[in-house]
Amino acid sequence: MSPGPRVGIIGTGFMGTTHAAAWHAIGATPSAFLDRQGADDALPRQYGAEVFTELDAFLGAVDVVDICAPTHLHADLALAAAAAGKPTLCEKPLSLDVAEGMRVIDAFDRASVPLQVAHLLRFSPEYRAVRDAVVNGEIGRPAVLRLSRLSFAPDRGADSWFADESRSGGLFFDLMIHDLDYARWVAGDVVSVYARSVGGAKDHGIAILKHASGAITHVEASWANPAPVFRTLLEVAGSRGMITFSSDNTSPLTLRLHKKAEDVTTGLGDVALAANPFEVELQHFLDVVAGARQPVLTALDGLAAVQLADAARRSARTGQPVSISPLGGGA
Amino acid sequence: MARIGILGVAHLHVDAYIENLRAAGADVVGVHDRDPERGQRWAADNGLTHFRTAGELLSQGIDGVVVCAETAYHRELVEQAAAAGAAVLCEKPLGVSHEDSDAIVNACERAGVSLMTAFPVRFSPAVRQIRDMVAAGDLGALRAFSGTNQSVMPIHERSWFVDPALAGGGAMMDHIVHLADIFTWMVGAAPTEVYAVGNRIVHAEMVTVETAGLVMLTYPNGVFASIDCSWDRPFNYPSWGGIALSVVADGGTVDVDPLNQQLTRFGGSPAYGWIPWGLDTNQFMIDEFLAAIDERRQPSVTGRDGLIATKIALAAMESAATGAPVTLAD
């Protein structure tokens with residue numbers, strides 16, 4: 001068996017840690033981490049990986065790049081990876097604005113290497129099962145979608161990049177973007193977005209989408225709950241039937257312990273209790289890099305999600321619906 | 001005991017209201033329906049006298065009427081009842097247009113009779129508990145609501161619901177008003193703006209009206225509230241549909257599902273079903289209507305409340321048609 005590609009992860013925070021475990025689980029243990037602050041080498045040591053503090057040296061030491069850095073750094077890091085000709089998996093969102101994201105996509109096109117944006121729902125078993133049922137015509141033509149992601153406010157410190165909307169993108173870019181991408185995957189391109197949000201750390205937002213197909217979607221994203229609440233709800237009603245899903249009543253495990261709950265900083269859901277979507281996502285990326293599979297989502301799909309998040313944020317600010325113009329291409 | 005007349009049996013809720021009226025001890029004097037055959041059949045089924053005209057029924061010394069005609073006929077019946085001095089309980093929505101809805105409220109105010117809008121959700125113990133918590137400040141500042149009032153398309157029970165001339169629209173006219181009223185009640189003020197989208201994908205081949213809708217209301221203090229009013233449950237769904245809402249406030253979040261008190265049944269025909277065991281909110285609503293007559297006071301849910309909710313539904317239809325938010329006048 002030939003050795004797999006050398007995997008390098010940029011970032012050693014929450015998502016870097018989560019991805020590292022998933023890479024390890026699929027037999028592609030990361031060989032390098034980039035941590036420009038060189039703050040803590042506990043995570044790299046766990047996998048026997050080398051720690052780099054310089055981007056160029058890191059890129060020279062890996063075959064594929066996994067960007068798990070704070071959101072505002074995604075685009076520049078991706079551009080560097082493209083320039084080095086490295087296939088790249090980039091955490092969502094691809095970028096904080098559409099023009100910046102388009103530059104990234106152009107760079108990967110020129111380099112002719114794959115770029116996959118980590119829209120996890122495309123690999124989550126329950127969301128895939130719903131999409132498969134819709135594609136198979138089990139409920140007819142989609143008419144109304146309801147997608148909810150209801151969490152507590154992630155606590156990464158008041159001074160962190162996450163607490164700064166100019167660096168994280170806020171609720172629409174960080175949380176709602178999952179369901180915005182999923183709505184497009186199930187019901188097709190979106191033609192207009194109308195949204196409202198509460199604002200602040202405990203933000204709560206609702207967006208109403210109109211699809212070119214005529215379908216309409218209600219998307220709700222929340223950081224207004226007390227920890228450790230993390231719930232996902234889904235409903236697709238079609239011309240011949242409907243499908244619903246709720247994380248409230250589909251967990252195979254319910255714990256009621258007398259000890260105090262472990263402190264959590266970010267909600268993730270029951271990812272370890274079914275096919276782990278991170279592992280499926282990473283394996284898919286490797287298969288695409290190896291030329292063994294067509295991508296489940298293109299880089300343009302990742303950009304379309306950025307476009308919807310941007311439209312939702314603008315609509316919430318202006319109070320007006322925002323029209324979506326086609327980006328061209330996409331899966 | 002109050003002498004009650006029933007004006008119109010088009011609305012399916014009338015079948016429940018007659019039981020509620022009798023349970024409350026009301027003296028139900030008779031019924032009028034513009035379709036004499038339908039009216040006589042319903043009267044016979046319920047052991048009542050059918051009157052050929054509303055005027056004949058209203059001349060029997062009536063204290064109050066329950067208006068369950070097609071929405072388009074609400075106005076003429078309410079105007080006659082008000083002129084006869086009868087208190088009115090009117091099905092929702094009040095009218096099919098702004099003009100009709102205003103006229104209904106004005107006729108009752110001019111005649112000095114009370115007008116109640118049929119909003120039984122107001123009487124749900126779960127809804128009341130949350131409203132009391134909001135009013136007492138127990139939840140902190142309100143920020144947002146989302147609500148669903150989805151159902152099977154009500155074409156088999158009463159086909160006029162899908163006739164735009166009689167109902168004023170489809171799913172939007174049918175299913176926006178209940179939640180619009182609850183949100184407005186909790187906020188304590190009417191919304192200033194309404195945005196909506198709709199479509200006709202479910203049952204596109206059967207009807208000409210919209211069968212799905214998503215609505216966003218914006219209140220003066222920045223609170224926003226969404227409503228899903230879709231007729232998107234399949235015809236073999238285990239119940240007519242449901243109503244539920246979520247509240248986001250500084251103190252936390254709340255989910256309210258007033259119809260969640262139900263058993264799950266397997267086997268039999270159909271092979272899966274729900275059996276409700278919660279309280280009958282229609283009974284509480286009818287009790288309040290009769291108590292207001294008895295005590296010569298306004299009911300707790302007024303015609304003005306119904307007018308605001310109806311205007312929200314009409315604004316949603318307008319917004320869905322134009323694609324732009326609609327500003328609500330005071």
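Computed from heavy atoms alone, side chains included, the values below leave out hydrogens, waters and symmetry copies.
Residue B:N236 does not touch chain A at all, counting heavy-atom pairs closer than 4.5 Å. For a residue to count as touching a neighbouring chain, one of its non-hydrogen atoms must lie under 4.5 Å from one of that chain's; by this rule A:I208 touches chain B with the side chain only. Of the two parts of B:V215, only the backbone, made up of N, CA, C and O, holds a non-hydrogen atom closer than 4.5 Å to a non-hydrogen atom of chain A. The parts of B:V197 that come within reach of chain A are both its backbone and its side chain, each placing non-hydrogen atoms under 4.5 angstrom from that chain. No part of B:S246 comes within reach of chain A, as not one of its non-hydrogen atoms sits under 4.5 angstrom from that chain. Residue B:Y237 touches chain A through its side chain alone, counting heavy-atom pairs closer than 4.5 Å. Proximity to chain B is limited to the backbone of A:S197, based on heavy atoms less than 4.5 angstrom apart.
Panel note: side chain A:N225, backbone B:T253; no donor-acceptor pair is recorded below 3.5 Å.
Here A:K210 contributes atom NZ and B:N199 contributes atom CG; the two are 10.0 Å apart, rounded to the nearest 0.5 Å. Rounding to the nearest 0.5 Å gives a distance of 15.0 Å between CZ of A:R196 and OG of B:S146. Summarising the geometry, atom OG belonging to A:S315 is positioned 7.5 Å from atom OH belonging to B:Y195; distances are rounded to the nearest 0.5 Å.
Contact count versus chain A (heavy atoms, under 4.5 Å) is highest, among B:S226, B:S230, B:G252, for B:S226. Top candidate by heavy-atom pairs under 4.5 Å with chain A, chosen from B:H203, B:R200, B:Q150, is B:Q150. Taking chain B as the reference chain and counting heavy-atom pairs below 4.5 Å, the highest number among A:A143, A:A237, A:S239 is found for A:A143. Taking chain B as the reference chain and counting heavy-atom pairs below 4.5 Å, the highest number among A:L150, A:I216, A:I206 is found for A:I216.
Closest approach of B:V248 to A:A224, counting heavy atoms only: CG1-CB, 3.6 Å. Of all heavy-atom pairs spanning B:I201 and A:P142, the tightest one is CD1-O, 3.5 Å. The minimum heavy-atom distance linking A:H204 with B:F224 is given by the pair O-CZ, 3.6 Å.
In B:Q129, the CD atom is not crowded: 12 or fewer heavy atoms of neighbouring residues, nucleotides or ligands sit closer than 6.0 Å. A 6.0 Å sphere centred on CG of A:D159 holds no more than 12 heavy atoms belonging to other residues, nucleotides or ligands.
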Taking it one step at a time, do B:L214 and A:R146 satisfy side chain to side chain contact (heavy atoms under 4.5 Å, CB included)? CA-CA 10 Å; B:L214 296 171; A:R146 298 185 62 83; 4.0 Å; yes

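Between A:R231 and B:D255 there is a salt bridge, with a side-chain nitrogen of the basic residue lying less than 4.0 Å from a carboxylate oxygen of the acidic one. Salt bridge status for B:R233 with A:E235: present, with a side-chain N to carboxylate O gap under 4.0 Å.
A heavy-atom distance below 4.5 Å is found between the side chains of A:Q320 and B:P325.
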